[in-house]
Amino acid sequence: MNIKRSLKKLFIKNYVGKEHVIVNLYQTNYDKHVLISYIVTPFKNPNTFTHQNYITSHIVAETFRDLGYNVDIVDHHDKKSAIDYEKYTVIFGMGDNFERSFFCQNRKIPRIHLITGAHDDFHNAMSLKSIEDFYQLSGLWLTTEANVSSSCNYYALYNADFAIILAHGYVFEEYKRRFVNKIYTLNNNILGVFSGFKPKVAETRTNNFLFLSGGKQITKGFHLLMEVAKQRKDLNFYVVVPYINDLLLNYYQDLLIPGSNVFLFKNLKMDSTQMREIIETCSYSIAPSYVDGLPGGTIEPMSAGMIPIVTKNCGFPSELFIFEMEDLSIGALNRAINQVLQLDDKVYTEFSELVRKYAVENFSADSVQKNLKQILEAELPRPN
């Protein structure tokens with residue numbers, strides 16, 4: 001299925017649905033129905049090229065449609081919409097409305113839990129550790145940076161019929177240890193705006209590192225990066241975030257000034273000229289995250305051949321061209337940086353091409369959709 005063509009046709013029809021619920025998205029007339037508890041805005045607004053979940057939502061909806069389901073979508077945060085769960089053949093997703101489905105008397109309806117990061121218990125523990133570590137470093141207690149969830153969707157976490165997690169490696173094993181039913185891995189998808197870039201080669205190699213991240217900067221390991229930047233004036237660090245906490249900004253103000261080796265950019269669209277220029281000038285990316293699931297800020301630059309430095313908590317599988325920090329420390333990040341800098345030009349060029357090919361082949365929308373379809377076909381009866 002061509003995702004771009006499908007989106008274009010959808011917006012030509014100007015289909016918007018209700019505020020929090022979209023009923024029969026594709027106006028099909030099948031015998032079976034699926035409720036997807038996820039996000040509805042990607043079906044109402046054009047792509048802003050700021051987050052991978054815009055494409056993910058369409059991948060999920062299209063896959064169920066192609067398997068013969070009428071597709072209803074509800075916002076996963078919505079607490080007010082009255083939903084007749086008995087109507088559905090399958091219930092898929094996350095959040096409040098997915099959790100509420102377990103209070104429906106018909107427990108024979110398969111519930112499929114989508115996890116876009118890590119298990120909530122692990123996520124909260126690592127988020128707390130991040131602000132504790134920063135407190136020890138700075139004396140600042142920034143709970144708003146922790147991304148700790150105060151609510152628990154317990155049935156979803158422990159009683160879903162099966163789960164699909166956008167992670168591999170340690171993050172997958174962490175979830176599997178806590179979940180008794182079957183769990184599948186699925187790659188996060190890239191927007192793909194960098195996949196057509198010229199290959200990175202020795203002649204264009206630089207000492208420039210990219211930190212591309214969403215919100216909650218402490219949990220993403222921003223402080224580890226900045227502490228290394230203080231020490232490594234021989235390197236340049238490009239920081240691209242949607243926003244940044246004022247207290248955090250003030251704490252690192254000496255690094256975030258003109259003439260520093262840290263360049264801060266806020267709220268850039270992935271398809272913007274400025275973002276493209278940053279991707280072209282950087283040779284490596286850094287994701288010293290305390291907890292994540294195949295972060296978009298890493299897989300997107302990988303499609304341009306940028307060699308990544310990650311933690312085991314980012315959810316990547318073990319690959320020669322993915323450099324994993326030994327632990328969550330300034331020293332470990334510094335050592336990982338030295339590892340990639342010490343690659344000779346031939347190996348650097350080879351790894352860059354392997355990274356690009358790996359990301360384009362395994363994280364494209366078509367690849368993710370194909371894998372999701374295989375999972376659903378293996379677990380769900382095909383409609384007649």
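Side-chain N or O atoms of Asp78 include one that pairs as donor or acceptor with a backbone N or O of Ser81 at under 3.5 Å. Of the possible donor and acceptor atoms, one in the side chain of Glu300 sits under 3.5 Å from a partner among the backbone N and O of Gly192. Side chain of Glu203 to backbone of Lys200: no donor-acceptor contact under 3.5 angstrom is found. The backbone N or O of Ser303 lies less than 3.5 Å from no partner atom in the side chain of Ser195, so there is not a single donor-acceptor pair. Between the side chain of Glu145 and the backbone N or O of Gln217 there is at least one donor-acceptor pair closer than 3.5 Å.
Side-chain atoms of Thr281 and Asn208 form a donor-acceptor pair, as typed in the model, at a separation below 3.5 Å. A donor-acceptor contact closer than 3.5 angstrom links the side chains of Ser130 and Thr219. Counting only N and O atoms by type, the side chains of His33 and Asn24 include no donor and acceptor under 3.5 Å apart. Neither side chain, Asn261 nor Arg232, offers a donor N or O lying under 3.5 Å from an acceptor on the other.
Grouping the Ile, Leu, Val, Met, Phe, Trp and Tyr side chains by contacts below 4.5 angstrom, directly or via other members, places Ile337 apart from Phe263. Follow the hydrophobic side-chain contacts under 4.5 Å out from Leu294 and you never reach Tyr38; the two are in separate clusters. Put simply, Leu255 and Ile278 are part of two different groups of oily side chains (I, L, V, M, F, W, Y) that touch within less than 4.5 Å, one to the next. Linking Ile, Leu, Val, Met, Phe, Trp and Tyr whenever their side-chain heavy atoms come within less than 4.5 Å leaves Tyr243 and Met275 in two separate clusters.
His123 has its ring centre no less than 6.0 Å from the ring centre of Tyr175. Ring to ring, Tyr184 and Phe162 are close: their centroids are under 6.0 angstrom apart. For Tyr30 and Tyr69, the ring centers sit 6.0 Å or farther from each other.
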Assess whether side-chain hydrogen bond (donor to acceptor under 3.5 Å, both in side chains) is satisfied between Arg335 and Asn338, documenting all intermediate values. CA-CA 5 Å; Arg335 288 189 291 274; Asn338 286 335; over 6 Å; no
Going through the checks in order, is the side chain to side chain contact (heavy atoms under 4.5 Å, CB included) test met by Tyr252 and Lys230? CA-CA 10 Å; Tyr252 285 114; Lys230 286 181 182 178; 3.9 Å; yes
Between Gln231 and Ile330, is a side chain to side chain contact (heavy atoms under 4.5 Å, CB included) present by the stated rule, with each step listed? CA-CA 10 Å; Gln231 303 172 11; Ile330 298 163; 3.8 Å; yes
Yes or no on side-chain hydrogen bond (donor to acceptor under 3.5 Å, both in side chains) for Asn313 and Ser289, after CA distance, side-chain angles and deciding distance? CA-CA 7 Å; Asn313 298 339; Ser289 182; over 6 Å; no
Would Ser149 and Asn124 count as a side chain to side chain contact (heavy atoms under 4.5 Å, CB included) here? Give the steps. CA-CA 7 Å; Ser149 175; Asn124 284 348; 3.9 Å; yes
Evaluate Phe323 against Tyr284 for side chain to side chain contact (heavy atoms under 4.5 Å, CB included), listing each step before the verdict. CA-CA 10 Å; Phe323 289 79; Tyr284 319 92; over 6 Å; no
Would you please test Phe134 and Tyr251 for ring pair (Phe, Tyr, Trp, His ring centres under 6.0 Å) and show each step? CA-CA 11 Å; Phe134 185 63; Tyr251 183 76; 5.6 Å; yes
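In this structure, Ala304 and Ile279 approach most closely via the heavy-atom pair CB-CG2, 3.6 Å. Taking both residues in full, the closest heavy atoms of Asp75 and His77 are given as OD1-N, 2.8 Å, listed atom of the first, atom of the second, then distance. Minimum heavy-atom separation, Pro288 to Leu328: O-CD2, 3.8 Å.
Ile112 pairs in a side-chain contact (heavy atoms from CB on, under 4.5 Å) with only one of the listed residues (Ile36, Val34, Leu380, Ile375), which is Leu380. Tested against Asp72 for a side-chain contact (heavy atoms from CB on, under 4.5 Å), the candidates Asp84, Val21, Leu35 yield a single pass: Leu35.
Judged by the 6.0 Å distance and 45° axis criteria, Arg205 is positioned over the aromatic ring of Tyr348.
Legend: ring-ring contact (aromatic ring centres under 6.0 Å, His included) pairs involving residues 86-107, not counting sequence neighbours, sorted by first then second residue: Phe64-Phe92, Phe98-Phe102, Phe98-His113, Phe102-Tyr155, Phe103-Tyr155.
The environment of CG in Asn106 is crowded: more than 12 heavy-atom neighbours from other residues, nucleotides or ligands sit within 6.0 Å. For Tyr135, the OH atom counts as loosely surrounded, since its 6.0 Å shell holds 12 or fewer non-hydrogen atoms of other residues, nucleotides or ligands. The environment of OH in Tyr154 is sparse: at most 12 heavy-atom neighbours from other residues, nucleotides or ligands sit within 6.0 Å.
Taking the six-membered ring for Trp and thresholds of 30 and 60 degrees, Phe351 and Phe321 have ring planes more than 60 degrees apart, a perpendicular arrangement. Using cut-offs of 30° and 60° on the angle between ring planes, the pair Tyr170 and Phe122 is perpendicular. Between Phe194 and Phe197, the two ring planes are perpendicular [angle over 60°; tilted spans 30° to 60°].
Taking the charged nitrogens against the carboxylate oxygens, Lys129 and Glu132 have no contact shorter than 4.0 Å, which rules out a salt bridge. Taking 4.0 Å as the cut-off between side-chain N and carboxylate O, Arg178 and Glu174 count as a salt-bridged pair. Under a 4.0 Å N-O distance rule, the pair Lys370/Asp366 does not qualify as a salt bridge.
In this view, Asp161 and Arg107 satisfy the salt bridge (charged side-chain N to carboxylate O under 4.0 Å, His left out) rule, not counting sequence neighbours.
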